Asker: 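Let me begin by handing over the structure; questions about it come next.
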2 protein chains.
Amino acid sequence: MPESYRQELQSLKLFSGMEKDNFDALMRGAYVQNFPPRIDLISEGDAPDFLHVVLAGSVDLYCSWNGRETSMATVRPVSTFILAASVQNAPYLMSARTLEKSRIVLLPSEDVRTIFDRDGAFARAIVGELAQCYRSVVKNTKDLKLRTSLERLANYLLRQSGSTGAPSFELKMEKRRLASFLGMTPENLSRAFRGLEPYGVTVTGSRIEITDANDLTDFAKPSRLIDDYAS
Amino acid sequence: MPESYRQELQSLKLFSGMEKDNFDALMRGAYVQNFPPRIDLISEGDAPDFLHVVLAGSVDLYCSWNGRETSMATVRPVSTFILAASVQNAPYLMSARTLEKSRIVLLPSEDVRTIFDRDGAFARAIVGELAQCYRSVVKNTKDLKLRTSLERLANYLLRQSGSTGAPSFELKMEKRRLASFLGMTPENLSRAFRGLEPYGVTVTGSRIEITDANDLTDFAKPSRLIDDYAS
DNA sequence: GGGTTCGCTTGATAATTGTCAAGCAATCAG
DNA sequence: CTGATTGCTTGACAATTATCAAGCGAACCC
């Protein structure tokens with residue numbers, strides 16, 4: 001495992017507080033792998049053999065049932081995924097596939113659990129990570145249950161625009177995946193975009209322009225307790 | 001704080017591994033309170049002053065936005081709620097109210113964080129608890145995004161019936177709350193119950209009878225990765 | 001007992017969302 | 001360049017879900 005990757009990992013809050021010996025032990029079993037786009041990394045139901053860390057590229061977490069499929073989240077560098085399954089030694093609840101060319105670190109889950117048992121700082125860091133993941137999913141549930149698809153899209157656009165600060169920006173994912181993430185069909189997303197035109201949203205391909213942020217905000221009614229990703 | 005309650009708390013997996021001194025310290029700031037039904041305990045957005053433990057009764061966790069409201073979960077004895085907010089010192093994402101007469105222990109969040117910082121066993125227990133909560137919410141999201149309301153109801157009934165093993169059982173909550181929990185209106189729940197009649201479901205007040213479990217299972221297609229509360 | 005409240009149900013109707021089929025424009029391989 | 005593929009859009013239609021209004025029956029209060 002090259003030193004540069006080691007440093008990237010150590011810069012993660014999840015690993016930064018660990019004792020050096022424990023971090024070394026964890027790295028001993030780790031390996032890095034490069035994947036092409038659209039490669040399945042894990043399937044829901046599998047045993048959690050590895051904790052994954054995305055160093056470069058991006059990964060789609062998705063779920064299937066009865067022939068249907070839905071996108072749950074996108075993982076971008078540098079962060080981990082399926083931490084909960086790894087520490088619980090329980091089957092993955094989600095599948096994962098690369099969206100683009102990606103570099104991923106694989107840490108044997110057994111090592112993670114062993115070191116988690118003897119390194120208090122690591123355990124505390126995991127608590128922080130899990131609590132944040134938990135709160136994200138709760139927010140997502142609120143979004144789904146309390147809002148219509150038009151409202152979900154409006155708030156999504158405001159979040160994206162808010163994080164860049166610009167009134168114009170590029171969608172970070174394919175529209176079909178955005179539709180799935182927001183819990184609707186691609187056809188419906190198309191219509192939803194047009195439904196937001198009266199509130200000052202213009203769509204040109206994957207470029208979004210919000211001409212009247214106040215108008216859109218009045219409609220979307222974003223909430224710190226649903227849309228604030230920071231906490 | 002009476003000794004009997006202390007013991008109930010100590011029997012919780014969350015506290016059972018702690019060092020005695022730390023447990024004592026945590027208990028020093030704790031107090032028990034009895035609440036009548038329908039009392040608001042916390043409101044989403046509030047600062048997380050206390051970690052709550054339900055000793056008796058039951059508590060509804062719910063969320064509101066823009067005049068709408070939805071039920072997220074029911075907490076039954078003996079378990080905690082809003083652990084994530086407490087350890088993160090972040091605002092509650094959900095409100096809570098008693099459903100019936102309830103006895104609740106309040107542990108100052110600050111004490112929880114302090115002791116979490118110095119007791120590794122406690123930190124590890126919190127990891128287990130959070131990971132389980134996280135996985136529950138993910139399952140709930142899958143249920144919402146991948147299934148129709150009829151399918152959600154069918155699987156809910158199978159889960160309830162499965163946990164008792166009997167073909168006949170009482171609903172554990174008001175139908176209107178069940179509707180909200182399942183993400184539909186009360187009117188729709190009524191119709192959904194009738195929609196399950198062809199699959200061998202009979203409803204009499206709050207008593208449910210599943211006359212043909214195989215038939216219902218064929219329709220509901222329950223999945224370990226959505227409906228299994230144990231893991 | 002008689003009236004009131006409350007939760008549930010039902011019917012009629014409307015809004016939302018999904019499905020199917022077709023078409024269009026950009027991309028890509030040969 | 002040309003044909004094929006792919007993702008997106010649109011229209012027509014169907015299914016699902018919500019809303020509104022009314023009614024029913026059990027529980028509760030006076």
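Proteins come first, then strands; the chains are lettered A, B, ... in the order of their sequence lines, and each starts at number 1. Keep in mind that this is a model prediction, so the values were computed, not measured.
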Asker: Closer than 4.0 Å, any side-chain N/O of B/Ser149 to the OP1 or OP2 of D/dT17?
Answerer: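 Answer is yes, contact under 4.0 Å.
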Asker: Rounded to whole Å, how long is the line connecting atom CG of B/Leu150 with atom P of C/dT17?
Answerer: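 Whole-Å distance recorded here is 19 Å.
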Asker: Does this structure show an ion pair linking B/Glu151 with A/Arg68, if we count only N-O contacts that are shorter than 4.0 Å?
Answerer: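 Counted as a salt bridge, because a side-chain N and a carboxylate O are separated by less than 4.0 Å.
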Asker: Give a yes or no on whether a donor-acceptor pair under 3.5 Å exists between the nucleobase atoms of C/dG11, that is its base, and the side chain of B/Arg191.
Answerer: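 Pair found.
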Asker: Rounded to the nearest angstrom, tell me the gap between atom NZ in B/Lys145 and atom P in C/dT17.
Answerer: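 Answer to the nearest Å: 14 Å.
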Asker: A/Arg177 has an atom CZ; how far is it from atom C1' of D/dC8, in whole Å?
Answerer: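 These atoms are roughly 16 Å apart.
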Asker: Could you tell me how far apart A/Met184 (CE) and D/dT9 (P) are, to the nearest whole angstrom?
Answerer: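 For the pair A/Met184 CE and D/dT9 P, the rounded distance is 12 Å.
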Asker: Please determine if B/Lys139 and B/Asp227 form a salt bridge, counting it only when a charged side-chain N lies under 4.0 Å from a carboxylate O.
Answerer: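 Looking at B/Lys139 and B/Asp227, the cut-off is not met.
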Asker: Should the pair B/Arg224-B/Asp228 be classified as a salt bridge under the 4.0 Å nitrogen-to-oxygen rule?
Answerer: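 Looking at B/Asp228 together with B/Arg224, the answer is no, because their closest N to O distance does not fall below 4.0 Å.
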Asker: Tell me: CZ of B/Phe193 to P of C/dG7, nearest whole Å?
Answerer: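 Those two atoms, CZ and P, are 17 Å apart.
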Asker: Given atom CZ of B/Arg176 and atom P of D/dT19, what is their separation to the nearest angstrom?
Answerer: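 Spelled out: CZ on B/Arg176 to P on D/dT19 is 14 Å.
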Asker: The side chain of B/Thr148 is closest to which nucleotide in this list: D/dT17, C/dT9, D/dT10?
Answerer: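 Comparing D/dT17, C/dT9, D/dT10 against the side chain of B/Thr148, the answer is D/dT17.
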Asker: What does A/Glu174 touch in the nucleic acid at a heavy-atom separation under 4.0 angstrom: a base, only the sugar-phosphate, or nothing?
Answerer: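 Result for A/Glu174 = sugar-phosphate.
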Asker: Cationic tip of A/Arg97 within the cone over A/Tyr62's six-membered ring, i.e. under 6.0 Å and within 45° of the normal?
Answerer: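 Output yes; distance and angle both within limits.
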Asker: Rounding to a whole Å, what distance do you find between A/Leu189:CG and D/dT10:P?
Answerer: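 Rounding to the nearest Å, CG of A/Leu189 and P of D/dT10 are 11 Å apart.
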Asker: How many Å lie between CZ on B/Arg147 and C1' on D/dT16, as a whole number?
Answerer: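 From B/Arg147 CZ to D/dT16 C1': 17 Å.
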Asker: D/dT17, OP1 or OP2 - any side-chain N/O from B/Thr185 closer than 4.0 Å?
Answerer: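 False: B/Thr185 side-chain N/O out of range (4.0 Å or more) of D/dT17 OP1/OP2.
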Asker: Between D/dA18, D/dC8, C/dT19, spot the one nearest the side chain of A/Glu187, thanks.
Answerer: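 Selected nucleotide: C/dT19.
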Asker: Are B/Arg38 and B/Glu174 close enough for a salt bridge, meaning some N to O gap below 4.0 Å?
Answerer: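 Salt bridge flag = yes for B/Glu174 with B/Arg38.
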Asker: Would you indicate what A/Arg194 reaches in the nucleic acid, counting non-hydrogen atoms under 4.0 angstrom: base, sugar-phosphate, or nothing?
Answerer: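 Sugar-phosphate only.
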Asker: Does B/Asn188 make a side-chain N or O approach to OP1 or OP2 of D/dA18 shorter than 4.0 Å?
Answerer: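 For B/Asn188, the contact criterion (side-chain N or O under 4.0 Å from OP1 or OP2 of D/dA18) is met.
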